[in-house]
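The next block holds one structure in the form of structure tokens; read it before the comments.
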Amino acid sequence: MLLLLGIAAIPLIYYLLAIYSSWRFFRQPRSAPNGSYAPPVSILKPFRGLDPDAYENLASFCRQDYPDYEMIFCVDPDDETVRPVVEKLKTDFPEREIRVLYGSGRIASNDKVAKLARMAAEARHETVVISDSDVRVSPDYLRAMTAPLRDEKVGAVTCFYVHTDLQTFADRLQTVGMMSDFYAGILVAWQLEGIKFTLGPSIATTRSRLAGFGGYAAIENCPGDDLLVGRLIAEQGYEVKLLRYSVSTVSDYGSMSDLLHKRMRWIVVMRHMRPWGHFGLLLTQGLPWSLAAVALHPTAAVAFGYLGSYFVVRAAMTWLIGVHGLGQRRLWAEMILIPVWDAVAFSIWLASFLRSSIRWRGADYYIRGGQLVAKEVARSQ
């Protein structure tokens, strides 16, 4: 019993490490952009359909306090939804260089990455910033993202992202999970081994760094392209820099079904890309272990010690990362959802071992050898 109670305390140790890592990260001074370093930039944005508030998201990139940059969009040839937004951008911001490419011109499982391969190949500038179409930024964004690249040891730059305009229960639950769970894991990784990945909503790098691993064409049939870009650049000996900076994304979790579907897809991909890390998540699950401790030794002292400590340290993590670090004051009202998120996340983790495929962009895929294989193709082999 003592052995099991000791194992049940391991997540609490992980939570304390996460608190320490977060405290260390956010006590760093915010890096001030160097005004003398502003290389010409190509912003690459792959599209598939139109995100909520698309015009305002894209217009924020047209309002950058930056001397020289172009914006390249790559959209599906038959997608007529994006065209009016792009035309309005060109009308409202005639001083901005905006180009639209239609289709990737490639056949790949991961069409987003195939589009990025084409945009990177046709970009006019060496420095590239890759950003999702649902991202909204402040005028200092390009200066903040490119400043670390002045150091030749830095191969890529990434930053946090926060959801805005939370309207549904699923939106609020996802945000709590991101601040208290996902970002906590990132900051523990930063503390223990440094950042070896990038976060998809915002990446800055150079075409040379991309070419060092074969560019986006080399990973156009792989899932988790954001993780891979950072990993493959780090494997070349470069540093991946995580900024104390954040961009905004428009939350679009309309229902719990949307949340469960996206989370399941993500965690199944992680199970294939980082199998031991995925299994190790078991030791970061404080809620089920605390409940197991109480069931094993149902006394008031154990209940208070485990469940009480669990909620206190989880709330402290969420406050330190979300409220103190990223300025999300509204999280005070959402902290009651932390146990709900942890129960959902644990259930999804368990269910991920029963899934052999993912559903992505309307199609079903297996992950074999680190690559996406359409179910239809797999059946024919």
Side-chain angles (χ1 to χ4, degrees), residues 29-47 51 53-74 82 85-101 115-116 119-162 164 198-210 216 226 229-230 233 238-250 326-327:
R30 296 181 186 273
S31 56
N34 190 317
S36 63
Y37 183 77
V41 169
S42 295
I43 300 174
L44 315 182
K45 280 189 172 288
F47 276 82
D51 292 296
D53 298 334
Y55 174 81
E56 282 304 321
N57 297 339
L58 298 174
S60 69
F61 285 85
C62 297
R63 301 186 181 109
Q64 291 299 294
D65 176 20
Y66 202 81
D68 186 8
Y69 66 98
E70 66 169 348
M71 298 174 64
I72 308 175
F73 305 146
C74 191
V82 178
V85 175
V86 173
E87 292 305 318
K88 181 171 174 55
L89 287 172
K90 290 181 176 180
T91 299
D92 293 348
F93 301 95
E95 72 281 10
R96 296 300 175 213
E97 185 178 355
I98 300 173
R99 289 193 284 147
V100 182
L101 307 179
K115 288 172 179 172
L116 285 169
M119 287 188 287
E122 299 191 26
R124 293 198 175 107
H125 305 306
E126 168 67 8
T127 301
V128 292
V129 171
I130 300 99
S131 177
D132 288 345
S133 58
D134 63 346
V135 170
R136 188 175 302 180
V137 296
S138 56
D140 66 342
Y141 168 72
L142 284 181
R143 291 190 180 275
M145 290 295 294
T146 58
L149 293 174
R150 182 170 190 172
D151 184 347
E152 293 184 357
K153 296 179 181 178
V154 176
V157 184
T158 193
C159 69
F160 294 108
Y161 55 98
V162 297
T164 61
T198 47
L199 302 177
S202 185
I203 303 169
T205 186
T206 66
R207 297 168 72 191
S208 298
R209 303 292 182 263
L210 294 174
Y216 277 106
D226 48 352
V229 166
I233 288 176
Y238 296 106
E239 178 187 355
V240 177
K241 182 78 172 179
L242 176 65
L243 296 183
R244 189 185 168 187
Y245 185 87
S246 63
V247 297
S248 299
T249 61
V250 179
L326 298 175

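Under a 3.5 Å cut-off, the side chain of Glu239 and the backbone N or O of Gly155 do not form any donor-acceptor pair. Side-chain atoms of Ser131 come within 3.5 Å of backbone atoms of Pro201 as a donor-acceptor pair (strictly under, hydrogens ignored). Checked by atom type and distance alone, the side chain of Asp226 pairs as donor or acceptor with a backbone atom of Gly200 at under 3.5 Å.
Applying the ring-ring contact (aromatic ring centres under 6.0 Å, His included) test to Tyr238 and every residue at least two apart in sequence or in another chain returns nothing. For Arg99, the salt bridge (charged side-chain N to carboxylate O under 4.0 Å, His left out) partners at least two apart in sequence or on another chain are Glu70. Partners of Asp92 according to the side chain to side chain donor-acceptor pair (under 3.5 Å) rule, which considers only residues two or more places apart in sequence or in another chain, are Tyr55, Lys88. The side chain to side chain donor-acceptor pair (under 3.5 Å) test applied to Ser133 returns Asp51, not counting sequence neighbours. Residues satisfying the side chain to side chain donor-acceptor pair (under 3.5 Å) test with Thr198, not counting sequence neighbours, are none. Not counting sequence neighbours, Glu87 has no partner by the side chain to side chain donor-acceptor pair (under 3.5 Å) test.
Taken from SG in Cys74 to NZ in Lys115, the straight-line distance is 6.0 Å, to the nearest 0.5 Å. Distance OH/Tyr37 to CZ/Arg143: 12.5 Å, rounded to 0.5 Å. Taken from CZ in Phe73 to CD1 in Ile98, the straight-line distance is 5.5 Å, to the nearest 0.5 Å. Note that SG of Cys159 is 13.0 Å distant from NZ of Lys241, once rounded to the nearest 0.5 Å. Taken from NZ in Lys45 to CG in Asp134, the straight-line distance is 8.0 Å, to the nearest 0.5 Å. Atom CZ in Arg136 sits 10.0 Å away from atom OG1 in Thr249 (nearest 0.5 Å).
Summarising the geometry of Pro148 relative to Val157, their closest heavy-atom pair is CB-CG2, 3.8 Å, with the distance given to 0.1 Å. Of all the heavy atoms in Leu44 and Ala123, the pair that sits closest is CD2-CB, 4.4 Å. When all heavy atoms of Ser246 and Leu326 are compared, the pair lying nearest together is CB-CD2, 4.2 Å. Scanning all heavy atoms of the two residues, the minimum distance from Arg207 to Ala120 falls at NE-O, 3.1 Å. The minimum heavy-atom distance linking Thr158 with Ser202 is given by the pair OG1-O, 2.9 Å. A pairwise comparison of heavy atoms in Thr127 and Thr146 identifies CG2-CG2, 4.1 Å as the closest pair.
Between Met145 and Leu243, the closest side-chain pair of non-hydrogen atoms falls below 4.5 Å. The closest side-chain heavy-atom distance from Leu58 to Val85 is below 4.5 Å. Put simply, the side chain of Val129 does not reach to within 4.5 Å of the side chain of Ile203, judged on heavy atoms. Inter-residue side-chain proximity for Tyr216 and Pro46 is flagged as unmet; no heavy-atom pair is nearer than 4.5 Å. You'll find the side chain of Met71 reaches within 4.5 Å of the side chain of Cys62, heavy atoms only.
In this model, a donor atom of one side chain and an acceptor atom of the other lie less than 3.5 Å apart for Arg96 and Tyr69. Judged purely by distance below 3.5 Å, without hydrogens or angles, the side chains of Tyr245 and Asp140 pair a donor atom with an acceptor atom.
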Legend entry - salt bridge (charged side-chain N to carboxylate O under 4.0 Å, His left out) between Glu56 and Arg63, intermediate numbers included: CA-CA 11 Å; Glu56 282 304 321; Arg63 301 186 181 109; 3.7 Å; yes

Legend entry - Test side chain to side chain contact (heavy atoms under 4.5 Å, CB included) applied to Val41 and Val128, step by step: CA-CA 5 Å; Val41 169; Val128 292; over 6 Å; no

Legend entry - Worked check of side chain to side chain contact (heavy atoms under 4.5 Å, CB included) between Leu210 and Thr205: CA-CA 8 Å; Leu210 294 174; Thr205 186; 3.9 Å; yes

Inset, instruction - Give the intermediate values and the outcome of side chain to side chain contact (heavy atoms under 4.5 Å, CB included) for residues Asp132 and Phe47. - result: CA-CA 8 Å; Asp132 288 345; Phe47 276 82; over 6 Å; no

Inset, instruction - Give the intermediate values and the outcome of side chain to side chain contact (heavy atoms under 4.5 Å, CB included) for residues Ile233 and Val229. - result: CA-CA 6 Å; Ile233 288 176; Val229 166; 3.9 Å; yes

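If you run side-chain contact (heavy atoms from CB on, under 4.5 Å) between Ile43 and each of Leu142, Ile130, Ile72, only Leu142 comes through.
The distance between the ring centers of Tyr141 and Phe61 falls below 6.0 angstrom.
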